K.L.:
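Input: one structure, supplied below.
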Amino acid sequence: MWKFSVRRTLIMIPQLIVLSILIFVLAQLMPGDALSGQVGPDVDPKRLDEIREQMGWNDPWYEQYASWMGGVLQGDLGQSFRFKIPVTELIGQRIYNSFWLSVATLILTYLIAIPLGITSGRFNDTWRDQLITGYTYVGFATPLFIFALVMLWIFGFALGWFPTSGSVSPGLVPGTFEYFMSKLYHLLLPAISMALITTYSTIQYLRNEIVDTKQKDFILTARAKGASETRVYNRHILRNSLLPIAAFFGFEITGLIGGSIFIENIFGYPGMGQLLVESITLRDYTTLIATTLIFGVASILGALLSDITLSIVDPRIRIK
Amino acid sequence: MADKLLEIKDLTTSFRIKDDYHAAVDNLSLTVNKNEVLAIVGESGCGKSALAFSIMGLHTRAKIEGDILFKDKNIAKMSSSELNKVRGKDIGMIFQDPLTSLNPLMQIEEQIGETLLLHNKDMSKTARQERVLDLLKKVGIPRAEYVMNQFPHELSGGMRQRVIIAMAIANKPELLIADEPTTALDVTIQSQILDLINKLKDEMDSGIVLITHDLGVVAEMADRVAVMYAGQIVEVADVKTLFAKPLHPYTRSLLNSVPNSDKEQDKLHVIQGIVPSLQNLPREGCRFSARIPWVDESAHEKHPELREVDPGHLVRCTCYKHFSFPDETKEEQHVLS
Amino acid sequence: MSYLEVKDLKVHFPIKGGIFGGTVDHIKAVDGVSISLEKGKTYGLVGESGSGKSTTGRAIIGLNKITSGKVIFDGVDITNIKRTKSEATKNIQMIFQDPYSSLNPKKRVVDIVSEPLRNFENLSRKEERKRVQELLELVGLSPESILKYPHEFSGGQRQRIGIARAIALKPKLIIADEPVSALDVSVQAQVLNFMKEIQKELDLTYLFISHDLGVIKHMCDDIGIMYKGRYVEEGTADDIFSNPQHIYTKRLVAAIPDIDPNKRDEKRKFREEVKTEYDQSYNDYFDAEGLAYKLQPVSDTHLVALPEKG
Ligand SMILES: Nc1ncnc2c1ncn2[C@@H]1O[C@H](COP(=O)(O)OP(=O)(O)OP(=O)(O)O)[C@@H](O)[C@H]1O
Ligand SMILES: Nc1ncnc2c1ncn2[C@@H]1O[C@H](COP(=O)(O)OP(=O)(O)OP(=O)(O)O)[C@@H](O)[C@H]1O
Ligand code: SF4
Ligand SMILES: [Mg+2]
Ligand SMILES: [Mg+2]
């Protein structure tokens with residue numbers, strides 16, 4: 001397993017390099033540079049050229065790439081065009097918000113998917129299964145942003161059960177219990193809305209895996225040993241069916257990134273997704289590039305994570 | 001008279017195919033005694049596995065009628081929790097396909113250990129480990145200590161089959177159902193496994209149901225033989241009688257198709273046609289007649305029934321009296337459609 | 001010069017290890033096998049699972065890379081030949097063990113059987129169809145079956161489809177890797193009969209791989225016994241079955257179940273004796289690594305792996 005993990009992690013390095021080059025090229029294609037936002041219109045263009053020379057912006061691309069990467073590695077993502085503060089500062093709190101939103105969504109997704117998937121798979125072709133399958137079809141057919149708007153309208157505005165924007169009530173001191181509860185309260189509705197929709201694929205997947213595994217010969221072997229139905233499910237069917245779900249985990253993260261862009265904007269939740277959209281509408285290129293880079297790294301890490309989880313649960317991969 | 005261990009009475013196992021039930025085991029009765037190897041032979045698709053699964057209660061979607069008395073208790077009518085006390089303990093089963101019958105995600109030790117765990121709740125973990133090791137050595141697995149911690153995909157087919165056998169005999173069952181236990185193995189390992197099954201029989205007085213299409217294995221192992229065709233028993237006899245004086249045309253055809261070391265023959269006998277699928281099985285009259293077309297229609301019985309011709313020798317119908325193989329020239333024409 | 005000549009064939013598979021998957025060791029799947037096969041004859045290759053039978057067969061037709069040694073077919077060196085449009089690949093075909101998985105389930109019979117034709121011969125659709133129908137007739141399948149899929153056939157019929165594909169290019173040598181192991185007795189009889197028939201008809205030479213000694217005895221003129229990649233004994237069917245010399249062969253022959261239930265006890269006793277002999281004289285027949293020695297002739301036709309005298 002160690003060998004596999006190390007090798008798998010090493011593979012990630014070229015992936016990250018390719019990603020960073022892509023994003024760097026993207027950045028080069030953007031109009032203007034960091035100076036355009038920072039200096040007043042009255043500065044002498046000659047002086048600007050000098051600064052450019054000084055900053056190394058006329059150097060060959062690979063030198064520029066190297067210095068950009070060096071900065072990124074040291075946590076320097078540049079200055080925001082619009083807000084005139086370092087992008088890292090802008091991202092700071094939002095990345096936490098997004099992270100916790102994702103974690104909450106993931107937990108909810110699995111909380112919904114596992115019992116439903118198991119019920120649906122175990123009692124396949126009964127009314128319970130049909131009910132759950134029906135739900136997954138609805139989940140599949142409903143666009144996330146429409147559903148999120150409906151949820152926001154019902155539970156946020158009409159019933160007033162949940163806050164309709166922000167990630168924490170103003171005036172609370174970070175670190176206190178109230179602050180924590182308020183954070184949780186704010187991310188609950190977006191997380192539920194997202195989980196209810198995105199969970200459909202996990203349910204379907206789990207159901208099909210269970211229906212498949214149920215018919216495997218080794219299940220008969222287990223029954224022939226005298227294992228009770230509960231044991232057969234817990235020990236044999238579930239273990240084998242949850243495995244592909246682990247593989248799915250990485251894609252789940254990629255899906256979350258996409259979903260969070262809608263969700264955060266609809267719920268006015270200050271996270272990375274919202275930042276991305278803002279940076280596009282405000283043409284804040286440095287921020288846009290930084291957020292893209294972070295999203296890219298996150299999905300590569302997601303794939304890594306799911307491969308390693310899979311290798312832990314599946315001995316067939318572990319050995320190789 | 002021998003002690004009855006298992007008595008199957010009028011067992012019918014039907015599968016649902018397109019809204020209709022079709023019997024794969026059709027009104028079958030059979031007994032297995034203690035300390036006896038009963039071999040069940042027949043071509044592929046005759047219903048041998050369907051019968052074995054019925055005894056073990058492993059069919060999930062089949063309709064099962066009739067009684068299966070194991071030590072005078074009707075296991076066909078047992079609830080699954082009652083049945084689970086019997087399966088794996090008093091009745092063990094060796095499955096046909098070693099490649100798919102083991103859980104790919106469980107180490108060998110855990111898989112064999114599970115059988116022990118389920119029926120010996122107070123066995124300590126170390127005792128269990130020792131027993132697993134002991135079983136693996138018994139079935140002839142080299143480097144058993146190492147194999148214990150391996151996963152099925154790391155073992156060859158023959159090794160996996162031996163693991164399955166170790167699992168089936170772990171609790172020294174009184175009845176062992178062995179569905180093609182040695183088909184995947186080569187001869188030296190086969191003879192080792194057969195010895196092992198014999199030893200279990202002697203040690204525990206166990207009854208063995210040995211399903212196979214290898215007539216050599218039958219000759220070596222069986223005390224009695226039941227020949228099965230299209231869901232029915234067509235002939236039952238003790239092994240010597242069956243090989244010396246086979247009566248039913250199907251039995252004789254099967255025996256004739258084995259490459260026999262003593263007889264110098266260039267051509268092996270081929271049974272014409274194939275075992276009909278469940279939907280195409282003739283349910284009226286005689287089931288085998290289509291495969292011996294040279295026998296005159298009038299020789300067949302309308303309702304062939306299993307009758308005792310000699311004590312302990314049962315044959316279905318009477319047409320065997322008129323039956324003979326066609327001469328060689330005629331046989332040349334038997335090309336499968 | 002015999003028809004197929006395999007000289008000191010070695011096939012070693014690398015074992016990969018380490019983080020970067022370097023070669024750390026080799027599996028000597030085939031380790032110095034020589035076969036000489038006459039035209040029109042059947043040569044049987046026997047041995048326990050994993051002894052290297054399939055690897056030998058696959059190496060001959062070029063599906064496994066040969067580490068060292070030579071394969072000479074009809075006077076032409078075909079060692080490590082590329083399996084493209086060469087004459088040799090046309091002349092040597094293989095039948096695979098499993099009739100259920102060796103045929104592509106998504107292809108119709110006509111496509112399966114005509115696949116080698118398409119690779120080697122430029123036939124029009126009509127000619128091709130006609131050829132396939134002829135082939136199917138030859139293997140005893142009705143011409144209508146060309147539009148069916150493999151799952152619509154029984155095991156024996158499927159194996160015949162495999163054979164039809166193998167003989168499509170009118171090969172001279174067929175390597176049959178356990179062609180009947182997955183079949184039950186009556187179907188097995190059907191396939192064996194048929195293989196004998198077409199052997200006469202098409203003047204075929206067989207390399208017949210099996211672990212069923214009964215089948216080998218029925219089919220083969222000469223037999224080689226393999227153990228851990230090496231030969232332990234080679235001879236005519238009579239040499240091997242009536243006069244086995246190597247302890248491993250003896251054990252193998254003793255393990256064959258006898259079809260006569262009356263000989264059961266006798267057989268069991270005999271088997272035990274052989275087993276005792278095997279355990280006692282193991283070191284005389286195998287070297288320190290448990291591998292067989294080099295073959296030494298004991299008669300014109302009969303070779304046994306024994307330590308060199310002296
Ligand atoms: N679950 C099932 N549903 C429908 N038909 C089935 C099912 N299981 C078996 N059959 C059919 O029942 C018949 C008997 O099958 P069975 O598996 O018992 O044969 P067998 O004698 O064990 O053959 P083999 O030697 O190939 O194992 C076959 O025609 C088979 O197609
Ligand atoms: N492609 C491969 N890579 C690595 N090892 C291999 C490969 N093919 C075969 N082997 C190994 O070579 C040895 C011989 O295998 P081979 O398949 O030739 O045996 P066999 O005699 O045909 O056995 P069986 O009767 O089980 O088919 C085995 O130990 C096998 O694991
Ligand atoms: S009537 Fe003839 S063909 Fe029919 S079951 Fe009896 S012996 Fe067989
Ligand atoms: Mg079966
Ligand atoms: Mg092989």
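Naming: A, B, ... by sequence-line order, numbering from 1 per chain. Bear in mind the structure is a predicted one, so any value in this text is a computation, not a measurement.
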K.L.:
Any residues in residues 221-228 of chain B near chain C, with a heavy-atom distance under 4.5 Å, and which are they?
P.N.:
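Interface residues of residues 221-228 of chain B: B:M221, B:A222, B:D223.
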K.L.:
Whether the side chain of B:E220 engages the backbone of C:D258 through a donor-acceptor N/O pair (distance < 3.5 Å, no angle test) should be reported.
P.N.:
yes
K.L.:
Minimum heavy-atom separation for C:I256 and B:V187, please, with both atom names.
P.N.:
CA-CG1, 4.3 Å
K.L.:
Considering all heavy atoms of both residues, which atom of B:S257 and which atom of C:A189 are nearest to each other, and what is their separation?
P.N.:
O-CB, 3.6 Å
K.L.:
To the nearest 0.5 Å, tell me how far B:L194 CG sits from C:R268 CZ.
P.N.:
9.0 Å
K.L.:
Side chain, backbone, both or neither: which part of B:D238 has a non-hydrogen atom closer than 4.5 Å to chain C?
P.N.:
neither
K.L.:
Can you say whether B:V218 sits under 4.5 Å from chain C via the side chain, the backbone, both, or neither, judging by heavy atoms?
P.N.:
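Backbone only.
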K.L.:
Show the numbers, then the answer: is there a side chain to side chain contact (heavy atoms under 4.5 Å, CB included) between B:Q190 and C:H211?
P.N.:
CA-CA 11 Å; B:Q190 166 171 296; C:H211 62 243; over 6 Å; no
K.L.:
Given C:I259 and B:F243, is the side chain to side chain contact (heavy atoms under 4.5 Å, CB included) satisfied, shown in steps?
P.N.:
CA-CA 8 Å; C:I259 194 88; B:F243 278 87; 3.9 Å; yes
K.L.:
Give me the atom names and distance for the closest heavy-atom approach of C:V215 to B:P259.
P.N.:
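That would be CG2-CG, 4.4 Å.
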K.L.:
I need the C:K196 NZ to B:L268 CG distance, nearest 0.5 Å.
P.N.:
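C:K196 atom NZ to B:L268 atom CG measures 7.5 Å (nearest 0.5 Å).
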K.L.:
Which value, rounded to the nearest 0.5 Å, describes the distance between C:S186 atom OG and B:R291 atom CZ?
P.N.:
6.0 Å
K.L.:
Highest number of heavy-atom pairs under 4.5 Å with chain B: which of C:R271, C:K267, C:R251?
P.N.:
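Most pairs with chain B among the choices: C:R271.
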K.L.:
Does OH belonging to C:Y282 count more than 12 external heavy atoms closer than 6.0 Å?
P.N.:
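It does: C:Y282 OH has more than 12 such atoms within range.
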K.L.:
Could you look at C:L252 and say if it's the side chain, the backbone, both or neither that has a heavy atom under 4.5 Å from chain B?
P.N.:
both
K.L.:
For B:K267, is there an ion pair with C:E197 - N to carboxylate O distance below 4.0 angstrom?
P.N.:
yes
